[in-house]
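Starting off with a structure, shown below.
This chain uses plain numbering: 1 for the first residue, then up along the sequence.
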Amino acid sequence: MRAGAHMHPLQPAGAPGGGSGAPGHSLGRRGRGHGCSGPSLAKPVSGLGAGTGGEGRARRGAVHPPGEFRGPSCAAVALRSLLAADLRFSRQLGVCAGERSAWGSARPLLRLLEVSGHGVPWLAGTLYGLGRSESPAGREVLLNLLFALLLDLVLVAVVKGLVRRRRPTHNKMDMFVTISVDKYSFPSGHATRAAMVCRFVLHHLVLAIPLRVLVVLWAIIVGISRVMLGRHNVTDVAFGFIMGYMQYNVVKYFWLSPLSAPALFAVWNQ
Ligand SMILES: CC(C)=CCC/C(C)=C/CC/C(C)=C/CC/C(C)=C/COP(=O)(O)O
């Protein structure tokens, strides 16, 4: 692929489909070849683009106006290096990506964890609880959990649709109920949901310490299992955790109560 041209921001050069993680991708080579530069304010030097592929070749010898980028910035090179390391590391951690993988026998257990963090059981369970709940306080919490889960689905779909990072190539697309954007991997919807639900539960349920620890462990293990199953790269999950953590702030800010959303609660008060 031509460096810098039509290249996916989360896909280092030499990693077709964003998921190869193959050693010897071109990042390191390009980085070593000419270093990196910021915006050029100095008089242009011909041939600075050399080694950056077709674009560089086309510009060789050209006169660059002040302010034009001479090559990939240090930030871009650092980002690509991070992403290349992410692909390699994630591939190594994908030990349950298939039945024949190193830890393939643990795959069924990890797939069970996958279901435990999936949107469908959480939505179904919350709706069921809402239907059964007889206490106003319980209904308020469950209604907000429903709002949180729906918000999570929408925000993850928006970010996945914008970023469009492909899932790792070693992922087997045998996931439990998916929607169209789930062909993309950034961020991990399981990680956002796990982090958000974890914060939600810790804030709104009175639980003994061991149970609180269990909830946190569940969230962490769901995240790790995404990489082990080969569904995600590490950065998808890390960002998912951060995003899910912050989503809870949104839920808290827009907390639905009989005062803030009387129409919603009127359904039960009739
Ligand atoms: C259960 C009820 C009452 C309604 C379901 C409504 C519905 C179909 C919601 C969509 C749920 C869904 C398919 C969520 C996607 C979950 C998923 C596969 C996320 C991807 O996670 P990732 O970690 O692989 O990014």
Side-chain angles (χ1 to χ4, degrees), residues 112-165 175-209 211-223 226 231-232 236-270:
L112 212 60
L113 268 170
E114 177 167 60
V115 175
S116 79
H118 196 280
V120 166
W122 276 97
L123 281 168
T126 306
L127 282 174
Y128 178 78
L130 259 178
R132 305 272 309 182
S133 176
E134 286 178 358
S135 85
R139 281 199 295 267
E140 185 173 322
V141 168
L142 286 168
L143 200 62
N144 281 280
L145 180 58
L146 184 65
F147 165 58
L149 293 169
L150 295 175
L151 178 78
D152 173 65
L153 279 183
V154 171
L155 291 183
V156 169
V158 167
V159 179
K160 279 188 174 179
L162 285 175
V163 177
R164 292 197 269 172
R165 185 188 205 185
M175 288 170 55
F176 174 65
V177 196
T178 54
I179 46 177
S180 62
V181 285
D182 289 324
K183 61 176 176 282
Y184 300 124
S185 77
F186 186 93
S188 160
H190 278 74
T192 58
R193 194 159 30 251
M196 185 191 67
V197 163
C198 175
R199 272 193 88 189
F200 192 103
V201 166
L202 294 183
H203 273 83
H204 298 287
L205 293 193
V206 182
L207 297 174
I209 301 269
L211 275 179
R212 296 174 77 79
V213 172
L214 217 60
V215 171
V216 176
L217 281 180
W218 166 79
I220 294 171
I221 293 170
V222 164
R226 305 307 291 152
R231 306 279 195 234
H232 288 282
D236 305 331
V237 172
F239 186 84
F241 276 147
I242 296 169
M243 185 169 154
Y245 187 90
M246 292 194 316
Q247 276 171 191
Y248 178 72
N249 292 343
V250 178
V251 174
K252 215 164 64 168
Y253 187 81
F254 291 106
W255 188 260
L256 305 170
S257 71
L259 278 181
S260 65
L264 273 176
F265 291 85
V267 178
W268 284 280
N269 294 337
Q270 285 165 0

Roughly how far, to the nearest 0.5 Å, is CG of Leu211 from CG of Leu217? 11.5 Å
Kindly write out the residues that satisfy side chain to side chain contact (heavy atoms under 4.5 Å, CB included) with Leu202, not counting sequence neighbours, or none if the list is empty. Cys198, Arg212, Val215, Val216
Can you tell me how far NE2 of His204 sits from CH2 of Trp255, rounded to the nearest 0.5 angstrom? 3.5 Å
Under the side chain to side chain donor-acceptor pair (under 3.5 Å) test, residues paired with Asp182 that sit two or more places apart: Lys160
Any salt bridge (Lys or Arg N to Asp or Glu O under 4.0 Å) involving residues 140-156? Give me the pairs, sequence neighbours left out, ordered by first then second residue. Asp152-Arg193
When you check the gap from the basic side-chain N to the acidic O, do Asp236 and Arg226 get nearer than 4.0 Å? no
Grab the two heavy atoms, one from Pro187 and one from Thr192, that are nearest each other, plus how far apart they are. CG-CG2, 4.3 Å
For Leu145 versus Phe200, what's the shortest heavy-atom pair and its separation? N-CZ, 3.5 Å
Set of side chain to side chain contact (heavy atoms under 4.5 Å, CB included) partners for His203, sequence neighbours left out: Arg199, Tyr248
Could you tell me which residues satisfy ring-ring contact (aromatic ring centres under 6.0 Å, His included) with Phe147, sequence neighbours excluded, listed by chain and number? none
How long is the gap from CG on Leu127 to CG on Leu143, to the nearest 0.5 Å? 10.0 Å
Listing, residues 117-124 side-chain donor-acceptor contacts under 3.5 Å, not counting sequence neighbours, or none:
residue: His118; atom: ND1; partner: Val120; partner atom: N; Å: 3.0
residue: His118; atom: NE2; partner: Phe176; partner atom: O; Å: 2.7
residue: His118; atom: NE2; partner: Val177; partner atom: O; Å: 2.6
residue: Trp122; atom: NE1; partner: Ser116; partner atom: O; Å: 2.8

Let me have the donor-acceptor pairs involving side chains of residues 129-138, under 3.5 Å, with sequence neighbours excluded, atom names and distances please.
residue: Ser133; atom: OG; partner: Ser135; partner atom: O; Å: 3.4
residue: Ser135; atom: OG; partner: Gly138; partner atom: N; Å: 2.9

Show me the pairs that pass side-chain hydrogen bond (donor to acceptor under 3.5 Å, both in side chains) and involve residues 257-267, at least two apart or across chains. Ser257-Ser260
Would Thr178 and Lys183 count as a side-chain contact (heavy atoms from CB on, under 4.5 Å) here? Give the steps. CA-CA 8 Å; Thr178 54; Lys183 61 176 176 282; over 6 Å; no
Minimum heavy-atom separation for Trp218 to Leu113, with atom names? CD1-CD2, 4.2 Å
Quick check against the 3.5 Å criterion: does His190 have a side-chain atom that pairs as donor or acceptor with the backbone of Glu114? yes
Residue pairs passing the salt bridge (Lys or Arg N to Asp or Glu O under 4.0 Å) test with at least one member in residues 241-264, sequence neighbours excluded, are none
Side-chain contact test, heavy atoms from C-beta onward, threshold under 4.5 Å: evaluate it for Asn249 versus Tyr253 and give yes or no. no
Looking only at non-hydrogen atoms, find the nearest pair between Gln247 and Val156 and report the distance. OE1-CG2, 4.5 Å
Rounded distance [0.5 Å steps], CG in Leu146 versus CG in Leu151: 11.0 Å
